[in-house]
Amino acid sequence: MPKLPGLIKGLGVTMGTLVRTVKDGANTVQYPHAKESPPVRARGVIALREDNCTACMLCARSCPDWCIYIEAHKQLAPPRRAGGKPRQVNHLDRFDIDYALCMYCGICVEVCPFDALFWSPEYEYSEPRIADLLHDKTKLGEWMETVPEAPALEVGAEKKK
Amino acid sequence: MTMLSERQQLSYIASQAADARLNVELETEGMTLNIGPQHPATHGTLRIIARLDGEQVIWAEPSAGYMHRGYEKLTEVRTFPQVTSLINRIDWLGSFANEVPFILAAEKLMEIEAPPRAQHIRTILFELSRIANVGLFLGDLGVQMGAITPVFLAFRDREYVLNLIEGATGGRFHPNFDRIGGLKDDLPQGWIDETRQVMKKLRGFCDEIEDLLFGNEIFQSRTRGIGVIPADVARQYGLSGANLRASGVDWDLRRDQSLPMAWDKVDFKVWTHPDGDSWARCWVRLQEVRESTKIVDQLLDTMPAGPVMAKVPRIIKVPEGEAWVSTENPLGEMGYYVVSKGDLGPFRVKIRSASFNNISITPWVLKGVYVPDIITILASLYFILGDIDR
Amino acid sequence: MGPLSESTDTGAEPTALASDTLRESIVDALREAIGDDLLESHLIPNDDLWIRVAVSAWRRTGEALREQGFDYFCFLSAIDWLPSPFGRGEDDPSAEPDEAETESKEMTQGYAGGATRFQMFARVTDLRRHVGVTLKADVDESMVVESWIPVYAGANWHERETHEMFGIGFAGHPDLRNMYLPGDFEGYPMRKDFPLLARMVKPWPGIVDVEPMPVDDDGEEAESS
Amino acid sequence: MIAQLAVEIPYWGQSLLRVVGGLVAVLLPAGTIVYLFLFKMMSFMQSRLGPMEAGPFGSMQLFAEVGKWLQKEDIVPENADARIYKIAPIIVLVSTFLLVVVIPFGPDAWFTNFSAGVFYALAIGSVSVIGILVAGWSSANKYSLLGGLRAAGQLIAYELPMVLAVVGVVIQAGSMNLQDIVMAQNTGEIFGWSGIGFPFVLTQFVGFLIFMIAVQAELTQAPFDMPIAESELVSGYMTEYSGFRFLMFFIGEFATAGVFALIASVLFLGGWGIPFSWFGWETIDQVDNWMNIAGPLIMFTKMMVLTGIIMWVRFSYPRFREDQLQRFAWKVLIPLSLANIAVTAIVKVVV
C-alpha cells in the first residue's frame, strides 16, 4: 500500500475529530451547567469536625505553610460516666485555615490523631477578596456535609486496621 | 567544540560574516530581540536575549530566574515529610516523579525499603506522570509551530491520566502521595481497570499525534536537521532524558541503575535516535510515551498484594549521612543530593533538575539559527520553568 | 530533509550495573592521575563513591576523570557546613532551649571528610560503565575555585548559580552574572547565616496557644460548661 | 442590477444601494466564516464545543466580541508613528472592500463591470501588503517589524504564482472580464456534453491548487502564517493593535478570506452560475432575472466550501519557516504555474 502523504493524514485526523464531536459529543463539560464530579479522594477543601478536635496543635505544627491558626482555652466538661469527675478539656476558640496560603498537601489531615480533619472534594469556594479565603471553624464545619466515605480499596490491598 | 554538524558550521560562518558586516562594511545595526519573559513560546517566564541579523541569530542567551522560588533554601527549614509537598512543584507537569527520588534518598539514609506493592504503585504513578507530562509536550510542540489542534488533543487525553492520578492520590497536579517507607494509601477500587482503558486511549492518542504532526511534511521540514546536538556535546552539558537519547547515547536511568522500583520487573525498550536534531528529540519522546503505556500495562498485570507502607517511626528523623538518588524523570535526570544531620529536616538538599542542564546548552545550539528555529529548538529541548529555576 | 535515519537503535547491550570493585579501581586510577591531591575517598558498598580532592587540583581532577570516561556532567554545587543559627524558625520562644541541640551546633563535614566551612561538590558520570562519582573539595579562604568550563562546558550555569548562592568565585569563568537574583542583590542566600525572612516576619502558628483554665473561679467555670 | 429594476432610482439611491451591498458582501461572509469555521469548526476539530453562551449555540458570540473590542481603549504606543499607525488597519480593510467591487454576483448583480476585472482584482489584492507593512513598521515594536517584513516578503512572493495561476484561466476563457469568465464556464461544454457546463477547475486543476495555496499565503493563514506567528512573533504586525483597530484587522483577515474565495469560485468553479444548459440559456441576456437573487446565494455556497477548506488546512497544519516558504514559492509554485500556462496556451492553440 503506498504511503499516504502526511499532509492528507493530518487533515483526516482533524476531520475525524470533527465527525466524532458531532456524533458523540465533545470531551469538554459546559462548566456552570454541567459539572464533573471529582474523585472521592480529591483534595478540595478541608473539613473540620469540631467535637473531635482537642487543640493538640499537631496540624498547625506540621503545616509547611503555617496556614492553620488555633486558639483554645481549657474548661471542664461533664464526666464520661455518671458520678465521675468532670474532665478538663481544651475548648476550641479559633480554628482557621487560610486557603490563600494552603498548598493542599494534606499533611494536617494525615497527622490528626483524633479524626477531626477530613478532605472534601468540594472545590467551588473561590472568593473575590483574598481575605475571605480564611475559613473559620464554622465554615470548616459546614464542609463536613460534603465529606464522602473513604473508597473501597483495590484488589490485593492490605485491610485497614 | 568538536564535531560540529555541517549546518552548525555553516551557520557559524554566517554568523561570523554577519558580525563582520555589522561592524565594518555596511554598519547596519543588528537587532536585539527579547523573547520573553512574557512570551507564548516560553511557557513560563524564560527570557531569551537574541542578537539578530535579519532573522538569523548571531548569539542568544537565555536568562532564567524569573521564577526562582529558592527550594534548596526552603527545604532546609522543613521536615522530611513536608519537603515532598514542596518538590511536587518543581516540574509541575510530572509532579509525582519529583517526589520519588527524594523519598528514595531519604529511605536510603534510613535504610528502609518500601514494600513491593508500594514500589509497584510508585512506578505506575511515575510512568503516568511521564505520560501526562510528555503527552502535553507532544501537543505543545504543535502549538509552538503554529498547529493549534494537537494541543487540544493532548489536553483532552492528558485529562484521563490526570483523573487517574487524582483518583489514586487526591491531587491532580501535586499528588504528595509518596511517604518515606511507602505510600500514603492504597489504590481505590476499580482503578486498575480504568487505567488499562486509559492506556489504550493514550496509545490511540500517540497514533493520532503521529498522523497529525509527526507525519506532516511541514513539521518534518521544520525539525529535521535543526538544532543538532552531537553526543559528546550533549554529555558535556549534562543533557539528559530524551534529549540525550536523541543524540544517540543509550542511557536510561530506569534501566541503568538499581533502584527499589519496579522497572527491573518489566520489559521495555529504551529508544534512541542517532540524529540529535529537533526531530529526533520529539520522536524519541513520542516513542517514550508509547513505551510508558506498555510499562504501565505490564505493571498492572503483575501487581503484588500486600501492604503499601513499611514500618517507620511516627516522627521521622533521618540518620546522619549523604545520599544521591536520581531517576529518569519525564524531563530527564532528576536527582536529589540529600545531606542529613540526623535531624527532623534535611541539612542541605541539592536539587539537580533536568531542565537546568538541558537549557544551559541553548547559547551553543541557538547560534546561527533563524528566529522560528529558536522556538522549535526550545520546544524540542522541552523545559518546564519550575524545573530550571527551582 | 536530507539523508537522515528513520529511527533507531544504537544496539548497545545493557551493561552490568556498577560494582564496588569498579569503584575501587576508579579511585586507584584517579590517584594515579592526580597523585597526592586525592585526599580522601569514601565508598558505600553497592551505592556510591565520594572522593575529596585538594582544591588546587579541582580542574585537573575533572580533566583526569573525563579522560577516564566520566564525560557526563551531572551537577556542581557547594555546601555550607555551618550549622544554621536560625533553625527551622519553628521555635516556641517560651520553651526552654533544647540541651542536645545546642551541643550539636558544631561544624562537622560529611562523607570523605574536610576541614573548611564551604565545600565544593560535583558529580560526573560514566555512561558506558554506568557509574557515577561525587567529588568534593574544600574551599579555602580565598573563596576562589578553578572553573570547570574548559572541562565540562555544562558547568557554566552551575558555577554561576554557585557563585550567586554561596559567593564562591570561579577563576576562568567568563561571566559570573547572577542567574536568579537581581544584579545588585547583597548577600549569598544559600549560606547558612543568611536568614530566611519568610520564617521571621510571622510568628509560628504552631506555638501552643491554649489558655489555662482560670483557677480562681471554679464554680463559674463548671456552670458555663 | 439597477437597470433591470422596475422603478427608476436616482443616482444617490444607486450609490447607497452599492454601499449597502458592498458592506453586506464583505461583512456577511466574514461574520459567517468567523462563526462557522473559527468558532465552531475549529472547536469541533479539537473535541470541544466552542462558544455556547451568547445566543443559541453561541451564535451571537461574534456580536459580543465586536462589542468588547469597540469598548476597548485604542492604544497607540509612545514611539509609534501615530498617524500611519492609525491608518494601517484602514488600508487593509479598504483593500478588501475594493476587491469585492469587481466580483459579479449575478447576471446583472455587480458593482462595476471592468473589462480587465481579473487584472484589477489581483492588483488591489496586494494593496493590503502596504497596510500590513506600515502597520509593522509604525508600531515601533520589534516583533511587529519582523512580522511586517515577513508579510511583505511573503505576500510579494505569493502574488506571482497567484497571477500566473490565473493566466491559465484567462487564456482559456479568452477574456479578463470576470463576467465573461463566468459565462465561459457555464455555457461551455465538455466534448459536446454540457450537463455541468465547463468549470475551469477541471482543466486548470493545477492552477486551482496553486491559486488556493497562494490565497492561503496571501491571507497569512497557517501553514503560511509567519507574519502573525503567535508562538514566535506574538501576532506579528498586529501585536500593538487593540480595540477597534484590531477589530479592523480581524474583519479584514476573514473578509479577505471570503473575498478571495469568491474570486476563486468565479475563476474556477463557475461563479454565480449554474450550468445554463439546464435552463436553455445561451447568452447573458437570456438569463432569467431570478438569477440576480439566486446567483449571490450560489456564490455564497461556493465561497463557504472554499473557505471551509482554507480553514480546515489552517487548523491542521503547523507553519513553515520563512525561508522554506520563499523556496517553495520560487522553486516549486512559480515553475509549476509557468508550465501550466505553457500547456494551456499550447492546448488552446492546438484545439
Side-chain angles (χ1 to χ4, degrees), chain B residues 29-36 38-43 48 50 52 54-56 139-157 159 205 208 211-226 282 369-379, chain D residues 37-39 41-50 136 140-154 213 216-217 220-236 239 311-328 331-332:
Chain B
E29 258 180 88
M31 186 165 92
T32 307
L33 186 68
N34 267 307
I35 300 177
Q38 300 294 331
H39 188 276
T42 55
H43 40 124
I48 291 166
L52 302 183
E55 286 231 10
Q56 202 168 34
D140 191 55
L141 196 59
V143 128
Q144 309 279 353
M145 283 176 218
I148 28 187
T149 306
V151 75
F152 286 94
L153 302 184
F155 270 112
R156 178 193 70 194
D157 286 329
E159 201 66 11
F205 162 73
E208 231 171 36
D211 284 349
L212 183 58
L213 204 60
F214 282 71
N216 192 310
E217 280 81 0
I218 300 171
F219 176 79
Q220 294 189 11
S221 69
R222 282 296 303 278
T223 50
R224 290 212 149 171
I226 304 294
C282 304
V369 303
Y370 293 101
V371 172
D373 290 339
I374 297 180
I375 312 299
T376 52
I377 291 170
L378 280 180
Chain D
F37 297 127
L38 190 72
F39 286 170
M41 187 169 91
M42 179 164 92
S43 309
F44 277 54
M45 281 180 169
Q46 294 161 354
S47 200
R48 57 197 177 92
L49 292 178
N141 178 318
K142 289 168 180 175
Y143 288 115
S144 299
L145 179 62
L146 277 178
L149 291 176
R150 280 184 185 187
Q154 168 177 341
I213 292 173
Q216 196 93 11
T220 62
Q221 306 280 21
F224 305 107
D225 62 342
M226 292 74 100
I228 300 174
E230 298 91 345
S231 60
E232 297 156 22
L233 299 185
V234 212
S235 292
T239 306
M311 293 291 155
W312 184 14
V313 168
R314 170 187 166 153
F315 302 142
S316 304
Y317 289 171
R319 80 172 72 83
F320 276 110
R321 208 170 55 219
E322 191 64 26
D323 59 322
Q324 290 169 336
L325 165 127
Q326 297 285 350
R327 210 173 296 139
F328 183 61
K331 284 188 174 168
V332 180

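No experiment lies behind these values; they were computed from the predicted model shown. Chain letters run A, B, ... following the sequence lines, proteins first and then strands; every chain starts at 1.
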## Note on the structure
In terms of heavy-atom pairs under 4.5 Å with chain B, the winner among D:Glu322, D:Gln46, D:Arg48, D:Arg314 is D:Gln46

### Contact origin within B:Ile148 toward chain D - heavy atom pairs under 4.5 Å
both

### Message
Do B:Arg222 and D:Pro223 have side chains that approach each other closer than 4.5 Å (heavy atoms only, starting at C-beta)?
### Response
no

### Among the listed options B:Ile375, B:Val151, B:Ile218, the residue most often paired with chain D at heavy-atom distances under 4.5 Å
B:Ile218

### Query
When rounded to the nearest 0.5 angstrom, what distance separates CG in D:Leu145 from CG in B:Leu33?
10.0 Å

#### Entry: Flag, side chain of B:Thr149 to backbone of D:Phe315, donor-acceptor distance under 3.5 Å
yes

### D:Ser316 versus B:Leu212, closest heavy-atom pair with distance
O-CD1, 3.8 Å

### Task
Test side chain to side chain contact (heavy atoms under 4.5 Å, CB included) on D:Arg321 and B:Thr376 and set out the steps.
CA-CA 10 Å; D:Arg321 208 170 55 219; B:Thr376 52; over 6 Å; no

### Task
Only counting residues at least two apart or in another chain, list the ones meeting side-chain hydrogen bond (donor to acceptor under 3.5 Å, both in side chains) with B:Glu208.
A:Arg20, B:Arg156

### Summary
CG of B:Leu213 to OH of D:Tyr317, rounded to nearest 0.5 Å, is 12.0 Å

